[in-house]
Amino acid sequence: MKYTSIKGMSDIMPPASAAWRKLENTALTVFGSYGYKEVRTPMLEKTELFIRSIGSDTAVVEKEMYSFKDQSDDMLSLRPEGTASTVRAYIESGAYQAEAVAKYIYIGPMFRRERPQKGRYRQFHQIGVEALGIASPLIDAEQIAMCDHFFKELGLKDYSIEINSLGCKECRPGYNKIFGDFLTSKKVHLCGDCLRRIEKNPLRALDCKNPACIEAMKDAPLIGEYLCGDCKAHMSEVQKYLKELGTKFVVNQRIVRGLDYYVRTAFEFITTKLGSQNAFGAGGRYDGLVKELGGPDVSGVGFALGVERILLLMEEGGLQLKEKEALVFFALMGEPARERLVPIIDKLRQDGVYVELDYDNHSLKSQMRRADKLFAHTVVIIGDEEIKKGVAIVRNMHTKEQEEVKFDDLVRHFVRVD
RNA sequence: GUGGCUGUAGUUCAGCGGUAGAGCGCCUGACUGUGGCUCAGGAUGUCGCGGGUUCGAAUCCCGUCAGCCACCCCA
C-alpha cells in the first residue's frame with residue numbers, strides 16, 4: 001500500500017468510532033455533574049511551555065516531543081499532555097479573576113514519539129480534568145472517587161487505585177538526598193538503567209523490574225517517613241475523605257512521577273490486563289505550576305485517562321459501548337417508487353428518524369438482507385403495485401407483521417407528535 | 001532509543017523452493033416482489049515494499065516499512 005497512516009497513529013473507523021463517542025459522552029456527563037466544563041485548546045504550543053511545565057530533564061521533553069521550527073522561527077511542539085495547555089489557557093483567559101475556582105475537562109489527542117506498543121501510541125488520546133484554585137485535600141479525594149465512578153459506570157472491574165504523596169518543595173529535597181545516598185551505597189548491586197537514574201531521576205529506581213534492583217530496594221528509605229508536617233496532614237486528609245467517599249485504595253510509596261510539576265498527592269489507576277502498560281489513568285496535585293507559568297499562586301489537581309487503554313480494557317472484559325441505532329429501511333423497487341418516496345424519506349430524516357434506503361435498485365431479497373444486516377426494526381416496501389394503490393407495505397422485522405399505510409400517513413406513522 | 005517475533009484474499013490463518021488455499025465475511029440463486037437458518041454456486045490477492053541467490057521464490061538471504069512483545073518511558 002502506498003499511503004498508510006504513520007507509525008503509531010491510527011484511524012478510528014466505524015464501528016469503533018461509535019464506542020469512542022460514547023466513551024467521551026459518558027466522561028462529559030459523569031465529570032460534568034462534578035462541575036467540570038469542557039475546554040478545547042490548540043494541539044500546538046510553544047515548546048517552551050512544555051519545557052517549563054513538564055521539566056527539561058524529563059524523558060517526555062528530552063526525546064519524545066514532536067517539535068519543529070515554523071516559518072517565523074518559533075519553536076513549536078505538538079502537545080505531549082494536556083495540563084500545560086489547559087493551565088496556560090486558564091491564565092491567558094484570566095479566568096481566575098472571574099472565579100476563584102475553575103474546573104476543566106478536556107478530551108483530545110496527545111503526541112509522544114515513543115516506540116509503539118499495546119496501549120501506547122504516538123498519537124494517543126486523553127480525557128483529563130484540572131481543578132484550579134482548590135487547596136483542600138477534599139478535591140484530591142473527590143477526583144479519585146469521581147474517576148472510580150466513571151470506570152464503574154463503564155463496567156470496568158479489574159483495577160486498583162494506588163495513591164502516594166510525593167512531598168513538596170520543603171520536604172522532597174531532603175528525602176531525595178537521603179534516597180540518593182542510599183542508592184549510591186547500593187551502586188554495586190544496581191543495573192545499568194538504575195545507575196543512570198541516580199543522575200537523572202533517582203526515584204525511578206524504586207520501581208525497577210530488575211530482580212537485583214528489587215532486592216537492593218527492599219530496605220530503601222520511603223518518602224512517607226520524611227514528609228513535612230503539612231504534607232503528612234494533607235496525605236492523611238486525602239485518605240480520610242476517600243474512606244468517607246467509600247473509595248477503595250492502597251497506599252503505594254513507590255509511585256513516582258515522570259513529570260516535574262507534581263507535588264503531594266499522586267494517584268494511579270492500575271490494571272494487570274494491559275501488558276506492561278499498567279496505568280490507564282493517573283494524576284495528582286501540582287500546586288505551584290500555575291504560578292510557574294505566570295499565573296496566580298493557586299493550587300491545581302488533575303488527572304488524565306488514556307482513552308485507548310480504557311477501550312482496550314473494555315474489550316478485554318467483553319464490555320460493549322456500541323448502541324444499536326434503530327432505523328427504518330426503505331426497500332424501493334423501480335424508478336416510480338424512488339421518485340414518489342424520496343421526498344417522504346427526506347421529511348422523515350428532517351424529523352430525526354434514521355432512515356436508510358436502497359439506491360441502486362437491487363432485488364427485494366438483497367434489500368431485505370441489507371435491512372437485516374443494518375438491524376432495521378421496520379422495512380417499508382414499495383414497488384409498482386404499491387405506487388398504483390398509493391400505499392406502502394410496512395413490515396415489522398421482529399414480529400414479521402405487515403400492514404399497509406397510505407403514503408400521506410407515512411410520516412405520521414413514524415414520527416411521534418406530542 | 002535497544003532486543004525479539006510477525007507481515008499471504010475484507011478478516012483470521014494454512015502453505016515454507018516449482019508461479020496460491022481454508023473458515024468466517026461478501027455477492028448470486030433455491031417456482032421469478034420479502035431478511036435472519038439451511039443448501040448450491042461465485043468474486044476477490046502486485047503473498048507489505050525494494051533488492052539479491054536460483055533454471056525457478058509467497059517460500060532462502062539482505063534492506064526497508066508496518067504491526068506485535070519486552071526493555072525504556074508513560075495515559
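Since we're looking at a predicted model, the values are computed, not measured. Below, all heavy atoms of this structure are taken into account, side chains as well, without hydrogens, waters or symmetry copies. Order of the sequence lines fixes the chain letters, A, B, ..., with proteins taken first and strands second; residue numbering starts at 1 for each chain.
- The base of B:G35 lies outside donor-acceptor range of the side chain of A:Arg370, with no N or O pair under 3.5 Å.
- Of the nucleotides present, none pairs with B:U59 by Watson-Crick or G-U wobble criteria with both distances under 3.5 Å.
- Between the P atom of B:U34 and the CD atom of A:Gln367 lies a distance of 12 Å, rounded to the nearest Å.
- Under the ring-ring contact (aromatic ring centres under 6.0 Å, His included) criterion, A:Phe303 pairs with A:Phe31, not counting sequence neighbours.
- In this structure, B:U34 forms no base pair with any nucleotide, since neither Watson-Crick nor G-U wobble geometry is met with both distances under 3.5 Å.
- Contact of A:Gln402 with B:U34 (side chain to base): a donor-acceptor pair of N or O atoms is detected under 3.5 Å.
- Here A:Met75 pairs with A:Thr47, A:Ser67, A:Lys69 under the side chain to side chain contact (heavy atoms under 4.5 Å, CB included) rule; sequence neighbours left out.
- With centroids closer than 5.5 Å and planes inclined by less than 30 degrees as the test, A:Phe280 and the base of B:A75 fail to qualify as a stacked pair.
- For A:Phe330, the ring-ring contact (aromatic ring centres under 6.0 Å, His included) criterion is met by no residue, not counting sequence neighbours.
- For B:A43, there is no paired nucleotide, since no Watson-Crick or G-U wobble pair has both relevant distances below 3.5 Å.
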Acceptor/donor pairs from residues 370-392 of chain A side chains to any protein atom, 3.5 angstrom cut, sequence neighbours excluded:
residue  : atom : partner  : partner atom : Å
A:Arg370 : NH2  : A:Leu357 : O            : 2.7
A:Glu386 : OE1  : A:Gly383 : N            : 2.8
A:Lys389 : NZ   : A:Glu404 : OE2          : 3.0

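- Remark: B:U2 base-pairs with B:A70. Criterion, Watson-Crick or G-U wobble with two distances under 3.5 Å.
- By the ring-ring contact (aromatic ring centres under 6.0 Å, His included) test, A:Phe124 pairs with no residue at all, sequence neighbours left out.
- Pairs of residues two or more places apart, or lying in two chains, that qualify as salt bridge (Lys or Arg N to Asp or Glu O under 4.0 Å) and include a residue from residues 47-60 of chain A are A:Arg52-A:Glu292.
- Across all strands shown, B:G10 is found opposite B:C24 as a Watson-Crick or G-U wobble partner, with both distances under 3.5 Å.
- Within residues 79-91 of chain A, no residue has a heavy atom under 4.0 Å from RNA chain B.
- Taking the ring-ring contact (aromatic ring centres under 6.0 Å, His included) definition, one finds that A:Tyr34 meets it with nothing, sequence neighbours left out.
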Identify all pairs in which a protein N or O lies below 3.5 Å from an N or O of nucleotides 28-33 of chain B, and state each distance.
residue : atom : partner  : partner atom : Å
B:G33   : O6   : A:Glu385 : N            : 3.2
B:G33   : O6   : A:Glu385 : OE2          : 3.2
B:G33   : N1   : A:Glu386 : OE1          : 2.8
B:G33   : N1   : A:Glu386 : OE2          : 3.2
B:G33   : N2   : A:Glu386 : OE1          : 3.3
B:G33   : N2   : A:Glu386 : OE2          : 3.0

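- In summary, the side chains of A:Asp409 and A:His413 do not present any donor paired with an acceptor at a separation below 3.5 Å, with no hydrogens or angles considered.
- Taking CD1 of A:Ile310 as the reference point, atom NE2 of A:His125 lies at 13.0 Å (rounded to 0.5 Å).
- For A:Lys240, the side chain to side chain contact (heavy atoms under 4.5 Å, CB included) criterion is met by A:Glu237, not counting sequence neighbours.
- B:C31 and B:U8 have their C1' atoms separated by 43 Å, given to the nearest Å.
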Protein-nucleotides 70-72 of chain B N/O pairs under 3.5 Å:
residue : atom : partner  : partner atom : Å
B:A70   : OP1  : A:Ser276 : N            : 3.2
B:A70   : OP2  : A:Gln117 : NE2          : 2.9
B:C71   : OP2  : A:Ser276 : OG           : 3.2
B:C72   : N3   : A:Arg120 : NH2          : 2.4
B:C72   : N4   : A:Arg120 : NH2          : 2.7

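- The side chain of A:Met368 sits closest to B:U34 out of B:A75, B:U34, B:C73.
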Kindly list each side-chain donor-acceptor pair under 3.5 angstrom involving residues 156-174 of chain A, sequence neighbours excluded, with atom names and distances?
residue  : atom : partner  : partner atom : Å
A:Asp158 : OD2  : A:Lys273 : NZ           : 3.3
A:Tyr159 : OH   : A:Asp148 : O            : 3.4
A:Tyr159 : OH   : A:Asp148 : OD1          : 2.4
A:Glu162 : OE1  : A:Asn252 : ND2          : 2.7
A:Asn164 : ND2  : A:Gln253 : O            : 3.4
A:Asn164 : ND2  : A:Ile255 : O            : 3.2
A:Ser165 : OG   : A:Gly167 : N            : 3.3
A:Arg172 : NH1  : A:Tyr262 : O            : 3.3
A:Arg172 : NH2  : A:Tyr262 : O            : 3.0

